[in-house]
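Following: one structure in C-alpha coordinates, then a few remarks.
In what follows, chains are A, B, ... by sequence order, proteins preceding strands, each numbered from 1.
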Amino acid sequence: MASVSSQPQFRYTQPPSKVLHLRNLPWECTEEELIELGKPFGKVVNTKCNVGANRNQAFIEFADLNQAIAMISYYASSSEPAQVRGKTVYLQYSNRQEIVNNKTAADVAGNVLLVTIEGDDARLVSIDVLHLVFSAFGFVHKITTFEKTAGFQALVQFSDAETATSAKTALDSRSIPRYLLPDHVGPCTLRITYSGHTDLSVKFQSHRSRDYTNPYLPVAPSAIDGSGQISVGMDGKKLEPESNVLLASIENMQYAVTLDVLHMVFSAFGPVQKIAMFDKNGGVQALIQYPDVQTAVVAKEALEGHCIYDGGFCKLHISYSRHTDLSIKINNDRSRDYTIPNIPIVNSQPSILGQQPVQMIAPAVPQYNGAQFAPTDQAVMPQPSAGWGPTVPAVPQSVPLQMHNQPYMPPGTLPQPSQMGPGMMQSGAPPATLPPYHRGHVQ
DNA sequence: AGCACA
(Lines give C-alpha, C1' and ligand atoms only; values in the text may rest on other atoms or scores of the structure.)
Protein backbone atom coordinates (compact mmCIF):
# COMPACT_ATOMS: atom_id res chain seq x y z
CA MET A 1 0.00 0.00 0.00
CA ALA A 2 1.36 3.27 -1.00
CA SER A 3 0.81 6.12 1.39
CA VAL A 4 0.53 8.51 -1.45
CA SER A 5 -2.95 9.86 -1.70
CA SER A 6 -3.84 10.00 1.98
CA GLN A 7 -1.32 12.57 3.02
CA PRO A 8 -2.10 15.03 5.72
CA GLN A 9 -3.59 18.19 4.42
CA PHE A 10 -1.32 20.35 6.54
CA ARG A 11 0.78 21.42 3.63
CA TYR A 12 1.39 24.50 1.73
CA THR A 13 0.71 22.41 -1.29
CA GLN A 14 -3.04 22.41 -1.21
CA PRO A 15 -4.27 22.98 -4.72
CA PRO A 16 -6.15 26.24 -5.07
CA SER A 17 -9.85 26.25 -4.46
CA LYS A 18 -12.55 28.88 -4.41
CA VAL A 19 -13.15 27.64 -0.90
CA LEU A 20 -10.84 28.66 1.90
CA HIS A 21 -10.53 26.85 5.16
CA LEU A 22 -10.09 29.07 8.22
CA ARG A 23 -8.97 28.02 11.67
CA ASN A 24 -8.36 29.56 15.03
CA LEU A 25 -11.40 31.75 14.76
CA PRO A 26 -12.80 33.35 17.85
CA TRP A 27 -15.54 31.38 19.46
CA GLU A 28 -18.90 31.64 17.76
CA CYS A 29 -17.64 33.70 14.88
CA THR A 30 -20.46 34.98 12.72
CA GLU A 31 -20.83 34.75 9.00
CA GLU A 32 -20.93 38.54 8.81
CA GLU A 33 -17.41 38.57 10.15
CA LEU A 34 -16.34 36.04 7.55
CA ILE A 35 -17.84 38.10 4.77
CA GLU A 36 -16.06 41.19 6.05
CA LEU A 37 -12.81 39.29 6.04
CA GLY A 38 -13.17 38.05 2.48
CA LYS A 39 -14.83 41.04 0.90
CA PRO A 40 -11.65 42.95 0.04
CA PHE A 41 -10.57 40.12 -2.22
CA GLY A 42 -13.72 39.36 -4.09
CA LYS A 43 -17.28 38.29 -3.86
CA VAL A 44 -18.03 35.92 -1.01
CA VAL A 45 -20.81 33.68 -2.20
CA ASN A 46 -21.04 31.36 0.72
CA THR A 47 -19.73 30.82 4.21
CA LYS A 48 -19.88 28.25 6.91
CA CYS A 49 -18.94 29.09 10.43
CA ASN A 50 -18.73 27.28 13.74
CA VAL A 51 -17.22 24.25 12.11
CA GLY A 52 -15.35 21.52 13.90
CA ALA A 53 -15.44 20.19 17.41
CA ASN A 54 -14.45 23.54 18.85
CA ARG A 55 -16.63 25.41 16.44
CA ASN A 56 -13.71 27.65 15.70
CA GLN A 57 -13.19 26.79 12.07
CA ALA A 58 -14.95 28.12 9.03
CA PHE A 59 -15.12 28.14 5.28
CA ILE A 60 -15.35 31.00 2.85
CA GLU A 61 -16.33 30.43 -0.73
CA PHE A 62 -15.54 33.04 -3.36
CA ALA A 63 -17.33 33.51 -6.64
CA ASP A 64 -14.10 33.12 -8.48
CA LEU A 65 -10.99 31.07 -7.91
CA ASN A 66 -8.75 34.07 -8.51
CA GLN A 67 -10.36 35.88 -5.62
CA ALA A 68 -9.49 33.04 -3.28
CA ILE A 69 -5.96 33.04 -4.64
CA ALA A 70 -5.78 36.78 -4.07
CA MET A 71 -6.72 36.39 -0.42
CA ILE A 72 -4.27 33.57 0.21
CA SER A 73 -1.52 35.43 -1.60
CA TYR A 74 -2.15 38.64 0.23
CA TYR A 75 -1.92 37.10 3.67
CA ALA A 76 1.01 34.92 2.65
CA SER A 77 3.11 38.01 2.18
CA SER A 78 1.40 40.39 4.57
CA SER A 79 3.04 41.40 7.79
CA GLU A 80 -0.39 41.59 9.36
CA PRO A 81 -2.08 38.26 9.67
CA ALA A 82 -5.74 37.85 8.89
CA GLN A 83 -7.70 38.68 12.00
CA VAL A 84 -11.20 38.40 13.37
CA ARG A 85 -11.91 40.32 16.54
CA GLY A 86 -8.20 40.79 16.95
CA LYS A 87 -7.51 37.09 16.81
CA THR A 88 -5.16 35.73 14.20
CA VAL A 89 -6.92 33.51 11.71
CA TYR A 90 -5.10 30.86 9.70
CA LEU A 91 -6.07 30.46 6.08
CA GLN A 92 -5.55 27.82 3.48
CA TYR A 93 -7.27 26.42 0.44
CA SER A 94 -9.92 23.99 1.35
CA ASN A 95 -9.66 20.50 0.00
CA ARG A 96 -13.17 20.89 -1.35
CA GLN A 97 -14.31 22.92 -4.28
CA GLU A 98 -17.50 24.26 -2.85
CA ILE A 99 -19.29 24.68 0.40
CA VAL A 100 -21.95 22.07 0.56
CA ASN A 101 -25.09 22.01 2.54
CA ASN A 102 -24.23 25.30 4.00
CA LYS A 103 -27.00 26.20 6.34
CA THR A 104 -28.56 23.93 8.82
CA ALA A 105 -31.34 25.11 11.03
CA ALA A 106 -28.82 25.47 13.80
CA ASP A 107 -26.95 28.11 11.80
CA VAL A 108 -29.85 30.27 10.80
CA ALA A 109 -30.69 32.83 13.42
CA GLY A 110 -34.32 32.39 14.36
CA ASN A 111 -36.63 33.29 17.18
CA VAL A 112 -36.69 29.80 18.64
CA LEU A 113 -33.75 28.29 20.45
CA LEU A 114 -32.97 24.64 20.85
CA VAL A 115 -31.56 24.19 24.31
CA THR A 116 -29.86 21.03 25.45
CA ILE A 117 -29.47 20.78 29.18
CA GLU A 118 -26.40 18.77 30.05
CA GLY A 119 -25.72 17.20 33.37
CA ASP A 120 -26.68 14.16 35.38
CA ASP A 121 -29.65 15.98 36.81
CA ALA A 122 -30.68 17.82 33.67
CA ARG A 123 -34.13 16.28 33.87
CA LEU A 124 -34.69 17.91 37.22
CA VAL A 125 -34.48 21.39 35.76
CA SER A 126 -38.00 22.67 35.80
CA ILE A 127 -39.64 24.55 33.04
CA ASP A 128 -40.08 27.43 35.48
CA VAL A 129 -36.36 27.72 35.99
CA LEU A 130 -35.80 27.68 32.25
CA HIS A 131 -38.44 30.33 31.89
CA LEU A 132 -36.76 32.47 34.47
CA VAL A 133 -33.34 32.08 32.92
CA PHE A 134 -34.48 32.96 29.42
CA SER A 135 -36.85 35.70 30.47
CA ALA A 136 -33.83 37.76 31.36
CA PHE A 137 -33.47 38.53 27.66
CA GLY A 138 -37.01 39.26 26.68
CA PHE A 139 -40.51 37.98 26.79
CA VAL A 140 -40.57 34.23 26.41
CA HIS A 141 -43.60 33.19 24.41
CA LYS A 142 -43.50 29.44 24.75
CA ILE A 143 -41.36 26.63 26.06
CA THR A 144 -41.56 22.96 25.29
CA THR A 145 -39.35 20.30 26.78
CA PHE A 146 -38.69 16.81 25.58
CA GLU A 147 -36.33 13.92 25.81
CA LYS A 148 -34.19 12.97 22.84
CA THR A 149 -31.08 11.03 22.28
CA ALA A 150 -29.22 14.25 22.83
CA GLY A 151 -30.66 14.27 26.33
CA PHE A 152 -33.08 16.62 27.95
CA GLN A 153 -33.91 19.45 25.59
CA ALA A 154 -36.13 22.47 25.41
CA LEU A 155 -37.36 24.75 22.68
CA VAL A 156 -37.62 28.34 23.81
CA GLN A 157 -39.56 30.77 21.69
CA PHE A 158 -38.89 34.49 21.71
CA SER A 159 -40.56 37.26 19.73
CA ASP A 160 -37.72 37.66 17.32
CA ALA A 161 -34.34 36.39 16.28
CA GLU A 162 -32.53 39.34 17.84
CA THR A 163 -33.81 38.54 21.30
CA ALA A 164 -33.12 34.87 20.79
CA THR A 165 -29.61 35.67 19.67
CA SER A 166 -28.89 37.76 22.73
CA ALA A 167 -30.03 34.90 24.93
CA LYS A 168 -28.03 32.38 22.95
CA THR A 169 -24.90 34.46 23.02
CA ALA A 170 -25.06 35.03 26.73
CA LEU A 171 -26.16 31.58 27.83
CA ASP A 172 -24.61 29.07 25.46
CA SER A 173 -22.20 26.77 27.24
CA ARG A 174 -22.95 28.31 30.59
CA SER A 175 -24.42 26.65 33.62
CA ILE A 176 -27.67 27.41 35.29
CA PRO A 177 -26.87 29.32 38.47
CA ARG A 178 -26.83 27.13 41.52
CA TYR A 179 -29.23 29.28 43.40
CA LEU A 180 -31.93 28.57 40.88
CA LEU A 181 -31.67 24.85 41.37
CA PRO A 182 -32.67 22.68 44.30
CA ASP A 183 -29.80 21.74 46.55
CA HIS A 184 -29.52 18.17 45.46
CA VAL A 185 -29.33 18.97 41.76
CA GLY A 186 -25.92 18.86 40.17
CA PRO A 187 -24.55 21.32 37.61
CA CYS A 188 -26.57 21.81 34.46
CA THR A 189 -24.94 23.29 31.39
CA LEU A 190 -26.88 24.82 28.55
CA ARG A 191 -25.96 24.11 24.93
CA ILE A 192 -27.88 26.33 22.62
CA THR A 193 -28.43 26.41 18.89
CA TYR A 194 -31.16 27.89 16.80
CA SER A 195 -34.14 25.76 16.04
CA GLY A 196 -35.79 25.65 12.69
CA HIS A 197 -39.13 26.32 14.32
CA THR A 198 -40.70 29.74 14.31
CA ASP A 199 -43.82 29.03 16.30
CA LEU A 200 -44.16 26.20 18.75
CA SER A 201 -47.41 24.39 19.11
CA VAL A 202 -48.39 24.16 22.75
CA LYS A 203 -51.73 22.47 23.34
CA PHE A 204 -51.75 22.45 27.11
CA GLN A 205 -50.04 24.08 30.01
CA SER A 206 -48.21 21.21 31.58
CA HIS A 207 -45.00 20.27 33.28
CA ARG A 208 -43.56 19.73 29.82
CA SER A 209 -44.74 22.75 27.92
CA ARG A 210 -46.01 26.24 28.52
CA ASP A 211 -47.50 28.99 26.44
CA TYR A 212 -46.97 32.28 28.23
CA THR A 213 -48.94 34.19 25.62
CA ASN A 214 -52.14 32.37 26.36
CA PRO A 215 -53.22 32.23 29.98
CA TYR A 216 -56.50 30.63 28.95
CA LEU A 217 -54.88 27.60 27.46
CA PRO A 218 -56.25 24.53 29.20
CA VAL A 219 -54.07 22.79 31.69
CA ALA A 220 -53.16 19.27 30.68
CA PRO A 221 -55.42 16.71 32.34
CA SER A 222 -52.36 14.82 33.47
CA ALA A 223 -51.23 17.82 35.45
CA ILE A 224 -54.45 18.72 37.17
CA ASP A 225 -55.45 17.87 40.66
CA GLY A 226 -58.73 18.26 42.47
CA SER A 227 -58.28 21.95 42.96
CA GLY A 228 -57.64 22.47 39.29
CA GLN A 229 -54.06 23.51 39.69
CA ILE A 230 -50.94 22.13 38.20
CA SER A 231 -49.82 19.44 40.52
CA VAL A 232 -47.24 17.36 38.76
CA GLY A 233 -43.58 18.17 38.75
CA MET A 234 -41.05 17.51 36.04
CA ASP A 235 -40.27 14.19 37.58
CA GLY A 236 -43.93 13.25 37.74
CA LYS A 237 -44.05 13.62 41.48
CA LYS A 238 -47.16 15.11 42.96
CA LEU A 239 -46.80 18.65 44.09
CA GLU A 240 -48.92 20.66 46.40
CA PRO A 241 -51.07 23.10 44.46
CA GLU A 242 -49.10 26.11 43.43
CA SER A 243 -50.10 29.46 44.77
CA ASN A 244 -49.04 33.06 44.52
CA VAL A 245 -48.76 33.06 48.30
CA LEU A 246 -45.91 31.25 49.99
CA LEU A 247 -45.80 30.01 53.54
CA ALA A 248 -42.31 30.26 54.93
CA SER A 249 -41.32 28.80 58.24
CA ILE A 250 -38.00 29.66 59.73
CA GLU A 251 -36.02 26.98 61.48
CA ASN A 252 -33.15 27.53 63.87
CA MET A 253 -33.83 31.22 64.20
CA GLN A 254 -30.71 32.35 66.01
CA TYR A 255 -30.98 35.82 64.58
CA ALA A 256 -33.98 38.02 64.38
CA VAL A 257 -35.68 37.81 61.04
CA THR A 258 -37.57 40.98 60.45
CA LEU A 259 -40.24 41.84 58.02
CA ASP A 260 -37.73 43.88 56.07
CA VAL A 261 -35.31 41.02 55.80
CA LEU A 262 -38.04 38.81 54.44
CA HIS A 263 -39.13 41.50 52.07
CA MET A 264 -35.66 41.83 50.72
CA VAL A 265 -35.09 38.13 50.35
CA PHE A 266 -38.36 37.49 48.59
CA SER A 267 -38.26 40.63 46.47
CA ALA A 268 -35.36 39.13 44.60
CA PHE A 269 -37.82 37.15 42.54
CA GLY A 270 -40.47 39.71 41.88
CA PRO A 271 -42.58 42.32 43.54
CA VAL A 272 -43.78 41.31 46.97
CA GLN A 273 -47.28 42.55 47.57
CA LYS A 274 -47.88 41.58 51.16
CA ILE A 275 -46.19 39.89 54.05
CA ALA A 276 -47.68 38.66 57.26
CA MET A 277 -45.57 37.17 60.04
CA PHE A 278 -46.89 35.18 62.92
CA ASP A 279 -45.82 32.69 65.56
CA LYS A 280 -46.73 29.10 65.18
CA ASN A 281 -45.62 25.99 66.99
CA GLY A 282 -43.01 27.97 68.83
CA GLY A 283 -41.45 29.19 65.62
CA VAL A 284 -41.91 32.06 63.28
CA GLN A 285 -43.81 31.72 60.04
CA ALA A 286 -44.60 34.19 57.33
CA LEU A 287 -46.96 34.42 54.43
CA ILE A 288 -45.51 36.15 51.39
CA GLN A 289 -47.77 37.23 48.58
CA TYR A 290 -46.70 37.73 44.99
CA PRO A 291 -48.90 39.01 42.20
CA ASP A 292 -48.72 35.74 40.36
CA VAL A 293 -48.07 32.08 40.80
CA GLN A 294 -45.10 32.00 38.45
CA THR A 295 -43.06 34.31 40.60
CA ALA A 296 -43.95 32.40 43.73
CA VAL A 297 -42.92 29.14 42.10
CA VAL A 298 -39.53 30.49 41.20
CA ALA A 299 -39.01 32.02 44.63
CA LYS A 300 -39.97 28.79 46.32
CA GLU A 301 -37.67 26.71 44.19
CA ALA A 302 -34.79 29.04 44.75
CA LEU A 303 -35.21 29.55 48.46
CA GLU A 304 -36.49 26.27 49.80
CA GLY A 305 -34.11 24.81 52.30
CA HIS A 306 -31.71 27.70 52.18
CA CYS A 307 -30.54 29.62 55.20
CA ILE A 308 -30.85 33.32 55.54
CA TYR A 309 -27.60 33.46 57.43
CA ASP A 310 -24.42 31.46 57.32
CA GLY A 311 -24.00 28.60 59.68
CA GLY A 312 -27.36 27.02 59.18
CA PHE A 313 -29.19 29.82 60.92
CA CYS A 314 -32.70 30.77 59.96
CA LYS A 315 -33.31 28.00 57.50
CA LEU A 316 -36.30 28.53 55.30
CA HIS A 317 -38.93 25.95 54.62
CA ILE A 318 -41.37 27.04 52.01
CA SER A 319 -44.66 25.66 50.90
CA TYR A 320 -47.58 27.02 48.99
CA SER A 321 -50.26 28.64 51.03
CA ARG A 322 -53.88 28.09 50.31
CA HIS A 323 -54.36 31.82 50.48
CA THR A 324 -54.43 33.84 47.32
CA ASP A 325 -54.89 37.27 48.79
CA LEU A 326 -53.79 38.17 52.28
CA SER A 327 -55.86 40.52 54.30
CA ILE A 328 -53.49 42.96 55.92
CA LYS A 329 -55.42 45.13 58.33
CA ILE A 330 -52.58 47.12 59.65
CA ASN A 331 -49.02 47.86 58.66
CA ASN A 332 -46.70 47.14 61.51
CA ASP A 333 -43.52 45.23 62.13
CA ARG A 334 -45.28 41.91 61.63
CA SER A 335 -47.42 42.59 58.64
CA ARG A 336 -47.32 44.87 55.68
CA ASP A 337 -49.22 45.62 52.51
CA TYR A 338 -46.77 47.01 50.00
CA THR A 339 -49.44 47.69 47.43
CA ILE A 340 -51.17 50.43 49.36
CA PRO A 341 -49.32 53.69 49.54
CA ASN A 342 -49.45 56.08 52.42
CA ILE A 343 -50.88 53.83 55.03
CA PRO A 344 -49.20 54.81 58.21
CA ILE A 345 -46.89 52.22 59.58
CA VAL A 346 -47.70 51.53 63.14
CA ASN A 347 -44.91 50.90 65.54
CA SER A 348 -42.31 50.41 62.91
CA GLN A 349 -38.83 51.34 62.01
CA PRO A 350 -38.88 54.50 59.96
CA SER A 351 -36.55 53.16 57.36
CA ILE A 352 -35.59 49.80 56.09
CA LEU A 353 -32.06 51.02 56.11
CA GLY A 354 -32.47 50.71 59.79
CA GLN A 355 -29.92 49.31 62.09
CA GLN A 356 -28.92 45.75 61.91
CA PRO A 357 -29.84 43.26 59.30
CA VAL A 358 -29.97 45.34 56.22
CA GLN A 359 -26.50 46.70 56.61
CA MET A 360 -25.31 43.23 57.10
CA ILE A 361 -26.77 42.25 53.81
CA ALA A 362 -25.86 45.17 51.72
CA PRO A 363 -22.21 44.30 51.15
CA ALA A 364 -23.21 40.98 49.74
CA VAL A 365 -25.22 42.60 47.01
CA PRO A 366 -22.94 44.62 44.81
CA GLN A 367 -24.15 46.90 42.04
CA TYR A 368 -27.76 46.90 42.89
CA ASN A 369 -29.58 49.85 41.55
CA GLY A 370 -30.03 50.88 45.09
CA ALA A 371 -33.72 51.37 45.00
CA GLN A 372 -34.41 48.70 47.49
CA PHE A 373 -31.91 50.00 49.92
CA ALA A 374 -32.85 53.58 49.68
CA PRO A 375 -34.46 54.86 52.79
CA THR A 376 -38.15 54.84 52.33
CA ASP A 377 -40.48 56.33 54.75
CA GLN A 378 -43.41 55.06 52.86
CA ALA A 379 -44.42 51.51 53.07
CA VAL A 380 -44.37 51.25 49.34
CA MET A 381 -41.33 49.80 47.74
CA PRO A 382 -40.42 50.52 44.15
CA GLN A 383 -40.94 47.73 41.73
CA PRO A 384 -37.87 45.64 41.22
CA SER A 385 -36.14 46.92 38.19
CA ALA A 386 -35.08 43.82 36.42
CA GLY A 387 -37.43 41.58 34.60
CA TRP A 388 -37.95 38.78 37.02
CA GLY A 389 -41.65 38.82 36.83
CA PRO A 390 -42.88 36.54 34.11
CA THR A 391 -44.36 39.36 32.16
CA VAL A 392 -41.96 42.15 32.94
CA PRO A 393 -39.80 43.04 29.97
CA ALA A 394 -36.18 42.41 30.48
CA VAL A 395 -33.29 44.78 30.37
CA PRO A 396 -31.41 43.70 27.32
CA GLN A 397 -28.16 45.45 28.10
CA SER A 398 -27.45 43.61 31.27
CA VAL A 399 -28.01 40.07 32.13
CA PRO A 400 -29.04 39.74 35.69
CA LEU A 401 -28.10 36.13 35.93
CA GLN A 402 -24.60 35.14 36.64
CA MET A 403 -23.93 32.13 34.55
CA HIS A 404 -20.88 30.18 35.45
CA ASN A 405 -19.52 26.95 34.27
CA GLN A 406 -18.72 26.22 37.83
CA PRO A 407 -21.51 26.46 40.29
CA TYR A 408 -20.36 29.28 42.28
CA MET A 409 -21.01 28.53 45.85
CA PRO A 410 -21.87 25.81 48.23
CA PRO A 411 -25.58 25.83 48.70
CA GLY A 412 -27.02 27.80 51.49
CA THR A 413 -24.20 30.13 52.21
CA LEU A 414 -22.32 33.03 50.84
CA PRO A 415 -18.68 33.62 51.39
CA GLN A 416 -18.33 36.19 54.10
CA PRO A 417 -17.84 39.46 52.38
CA SER A 418 -19.50 41.39 55.11
CA GLN A 419 -17.64 42.89 57.92
CA MET A 420 -20.24 42.21 60.47
CA GLY A 421 -22.62 39.60 61.49
CA PRO A 422 -23.58 36.48 59.72
CA GLY A 423 -23.43 36.43 55.96
CA MET A 424 -26.47 36.60 53.83
CA MET A 425 -27.44 33.44 52.17
CA GLN A 426 -26.58 32.75 48.62
CA SER A 427 -30.13 32.60 47.53
CA GLY A 428 -30.70 35.90 49.15
CA ALA A 429 -28.22 37.49 46.84
CA PRO A 430 -31.03 38.22 44.50
CA PRO A 431 -30.53 37.44 40.87
CA ALA A 432 -31.46 40.98 40.05
CA THR A 433 -28.75 42.33 42.27
CA LEU A 434 -25.87 40.41 40.86
CA PRO A 435 -23.31 42.24 38.82
CA PRO A 436 -24.39 42.36 35.24
CA TYR A 437 -22.84 39.86 32.97
CA HIS A 438 -20.33 41.60 30.78
CA ARG A 439 -20.50 40.69 27.20
CA GLY A 440 -17.78 40.77 24.69
CA HIS A 441 -15.07 39.40 26.86
CA VAL A 442 -12.61 37.34 24.96
CA GLN A 443 -13.06 33.66 25.39
C1' DA B 1 -4.00 25.46 14.83
C1' DG B 2 -5.47 21.48 10.71
C1' DC B 3 -11.59 20.20 6.51
C1' DA B 4 -18.07 20.31 7.76
C1' DC B 5 -23.71 17.80 7.12
C1' DA B 6 -29.69 16.92 11.01
Q. Is there a donor and acceptor pair, one atom on the side chain of A/Q57 and one on the base of B/dG2, closer than 3.5 Å?
A. no
Here the distance between atom P of B/dA1 and atom CG of A/N54, to the nearest Å, is 10 Å
Closest of B/dA1, B/dC3, B/dA4 to the A/K48 side chain is B/dA4
So, A/S201 versus A/K203: side-chain donor-acceptor pair below 3.5 Å or not?
-> yes
Rounded to whole Å, the CG-P distance (A/N46 to B/dA4) equals 16 Å
Separation of B/dC3 atom P from A/L20 atom CG, nearest Å, is 15 Å
Closest heavy-atom pair, A/G305 versus A/D183, reported as atoms and distance to 0.1 Å, is O-OD2, 4.2 Å
Taken to the nearest whole Å, NE2/A/H21 to P/B/dA4 is 8 Å
From OH of A/Y93 across to C1' of B/dG2 the rounded distance in Å is 17 Å
Within residues 66-82 of chain A, the residues having a heavy atom closer than 4.0 Å to DNA chain B are none
Does a salt bridge link A/E147 with A/R123, judged by any charged N lying under 4.0 Å from a carboxylate O?
yes
Can you label the angle between the A/F158 ring and the A/F134 ring as parallel, tilted or perpendicular, going by 30° and 60°?
tilted
Assert: residue with more 5' nearest nucleotide on DNA chain B, out of A/R23 and A/Q97, is A/R23
The complete set of salt bridge (Lys or Arg N to Asp or Glu O under 4.0 Å) pairs with one or both residues in residues 109-119 of chain A, sequence neighbours excluded, reads A/E118-A/R191
Original post:
Is the aromatic ring centre of A/F59 closer than 5.5 Å to the centre of the six-membered base ring of B/dA4, with the two planes inclined by less than 30°?
Top reply: yes
Side-chain contact check for A/I99: nearest option of B/dA4, B/dC3, B/dA1 is B/dA4
Rounded to whole Å, the CD-P distance (A/Q83 to B/dA1) equals 14 Å
Among the nucleotides B/dA4, B/dC3, B/dA1, whichever has the atom closest to the side chain of A/V100 is B/dA4
A/H197 atom NE2 is separated from B/dA6 atom C1', nearest whole Å, by 13 Å
From CG of A/N50 across to P of B/dA6 the rounded distance in Å is 13 Å
A/Y90 has its side chain closest, among B/dG2, B/dA1, B/dA4, to B/dA1
Heavy-atom side-chain contact between A/I117 and A/L190 under 4.5 Å | yes
Of A/N24 and A/V19, the one whose closest nucleotide on DNA chain B sits nearer the 5' end is A/N24
**Request:** Would you please test A/T295 and A/N244 for side-chain contact (heavy atoms from CB on, under 4.5 Å) and show each step?
**Result:** CA-CA 7 Å; A/T295 310; A/N244 64 315; over 6 Å; no
